[in-house]
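Only this structure's heavy atoms are used, side chains among them; waters, hydrogens and symmetry mates stay out. Computed from a prediction, not measured in an experiment: that's the story for all the values here.
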Amino acid sequence: MNATAPRAGARRLSAGRRLRLVWDDLRGRSAERVLGQVARQVGTVRRGADLAAEMAAGRVPPGEARARMTELEHAGDAERAALAAMLRGALATPIDREDLYRLSRSVDDVLDNLRDFVREADLYGPSSLGFAVPPLAAVHDGLTALDAAVGKVLAEPAAVTVAALGARKAGNRVRQTRQAALADAFAGPLDVELLRRRELLERLDAVGRRLGEAADALSDAMLKRSH
């Protein structure tokens, strides 16, 4: 009796959870839950971008920023895992599951590259990180636009593509500011400091590309949804 009771209880809990999921779907709550989880992941990445910007501005030492970024990376991984679990349990999703996974992966890639930027800045020890301030400001703006786009999926679906385009443009701005910083660096002596700057700017360029991919994933999802 004792051996079979937990299994029966597990079946009852599973059936009860499924009923709640169906009820949530009928009320449109599952879509809200899924998008809320995406927004939480984006919010974690935005905190990572803000931390990197604080380091670049000289307000947070690189060693401290590296330790704090590790915590944010773990938080971002947890948010992504929570979304994956949610998608496995949801009977319906606001946009295609594949696109949600793609969006989540691209957002996670933004955080991974921000982590690498902070870690490499700590390892390479450039004399100043002021050259990274403009690209990181563009990253912040892009993540803000992406967060706004996610928030419009249910309330203003027609406005999502425009908001996502703002994130894509911010990603392009990362590349433009990186090019300007490289041009400025190449105007000076060709030394080890130049190599340090170039490596760190390449890492920020990767951040911008991943941000653009996240924006594209959301835009593509909304295009499918409208057909």
Side-chain angles (χ1 to χ4, degrees), residues 41-77 102-147 149 164-219:
Q41 186 186 0
V42 173
T44 299
V45 179
R46 188 161 56 174
R47 290 197 296 277
D50 290 345
L51 173 60
E54 289 286 299
M55 179 192 71
R59 291 188 285 269
V60 177
E64 179 186 336
R66 184 176 177 180
R68 287 169 56 185
M69 187 64 86
T70 299
E71 295 176 1
L72 284 172
E73 182 195 7
H74 293 329
D77 289 343
R102 180 182 158 207
L103 172 60
S104 178
R105 182 179 64 246
S106 297
V107 169
D108 186 60
D109 287 344
V110 172
L111 183 57
D112 285 347
N113 279 283
L114 284 168
R115 173 208 61 199
D116 288 343
F117 168 75
V118 169
R119 180 171 60 193
E120 289 164 1
D122 185 38
L123 289 172
Y124 301 162
S127 59
S128 169
L129 285 167
F131 62 87
V133 171
L136 285 167
V139 173
H140 172 87
D141 291 347
L143 289 168
T144 300
L146 185 64
D147 184 49
L165 180 60
R168 158 55 74 182
K169 287 182 176 178
N172 292 338
R173 207 167 87 235
V174 174
R175 171 157 293 187
Q176 292 162 1
T177 53
R178 166 241 178 199
Q179 290 169 339
L182 273 178
D184 183 62
F186 284 135
L190 300 179
D191 54 13
V192 174
E193 182 68 17
L194 170 64
L195 296 177
R196 291 178 180 136
R197 288 193 181 196
R198 186 183 67 179
E199 288 299 312
L200 291 170
L201 285 166
E202 287 299 316
R203 181 62 63 190
L204 290 176
D205 189 49
V207 173
R209 291 197 303 272
R210 301 294 88 81
L211 178 58
E213 288 169 3
D216 289 345
L218 186 54
S219 294

Find the distance between CZ (Arg102) and CG (Asp216) and round it off to the nearest 0.5 Å.
6.5 Å

Option from Leu72, Leu136, Leu51 for which side-chain contact (heavy atoms from CB on, under 4.5 Å) with Leu114 holds:
Leu136

Work out which heavy atom in Gly142 is nearest to a heavy atom in Ala167; give both atom names and the distance.
O-CB, 3.4 Å

Scanning both residues in full, the closest heavy-atom pair of Ala138 with Ala170 reads O-CB, 3.4 Å

Any donor and acceptor pair, going by atom type alone, linking the side chain of Gln41 with main-chain N or O of Ser104 inside 3.5 Å?
yes

Show every salt bridge (Lys or Arg N to Asp or Glu O under 4.0 Å) that has at least one partner inside residues 121-144, sequence neighbours left out.
Arg66-Asp122, Asp141-Arg173

Note: Asp112-Arg115 ion pair, threshold 4.0 Å (strictly below)
yes

What distance do Glu202 atom CD and Glu199 atom CD have between them, rounded to the nearest 0.5 Å?
7.0 Å

Measure across Ala56 and Ala132 and return the closest heavy-atom pair with its distance rounded to 0.1 Å.
CB-CB, 4.1 Å

Please check this pair: side chain of Asp147 against backbone of Leu143, looking for a donor-acceptor N/O pair closer than 3.5 Å.
no

Side chains of Thr177 and Leu204 in contact at under 4.5 Å (non-hydrogen atoms):
no

Correct closest heavy-atom pair for Ala65 and Val118 would be C-CG1, 3.6 Å

Note, Phe117 side chain near Met69 side chain (heavy atom, < 4.5 Å):
no

Between Asp205 and Arg209, does any NZ, NE, NH1 or NH2 come within less than 4.0 Å of an OD or OE carboxylate oxygen?
yes

Table please: side-chain donor-acceptor pairs of residues 187-197 below 3.5 Å, with sequence neighbours left out.
residue	atom	partner	partner atom	Å
Asp191	OD1	Glu193	N	3.3
Asp191	OD1	Leu194	N	3.1
Glu193	OE1	Ser127	N	3.4
Glu193	OE1	Arg196	NH1	3.3
Glu193	OE2	Ser127	N	3.0
Glu193	OE2	Ser127	OG	3.0
Arg196	NE	Tyr124	O	3.0

Can you name the closest pair of heavy atoms from Gly76 and Leu111 and give their distance?
CA-CD2, 4.0 Å

Can you list the steps and then say if Leu146 with Val107 is a side-chain contact (heavy atoms from CB on, under 4.5 Å)?
CA-CA 10 Å; Leu146 185 64; Val107 169; 3.9 Å; yes

Output yes when Glu213 and Arg210 qualify as a salt bridge under the 4.0 Å nitrogen-oxygen rule, no when they do not.
yes

Gap separating the CZ atom of Arg175 from the CG atom of Leu182, nearest 0.5 angstrom
11.0 Å

How far does CD of Glu54 sit from CG of Asp50, to the nearest 0.5 angstrom?
7.5 Å

Minimal heavy-atom distance between Ala149 and Ala164, with the atoms involved, is CB-N, 3.8 Å

Just verifying a value: how many Å separate Leu200 CG and Glu120 CD, rounded to the nearest 0.5 Å?
6.5 Å

Pair Asp116 + Arg119, salt bridge at N-O below 4.0 Å:
yes

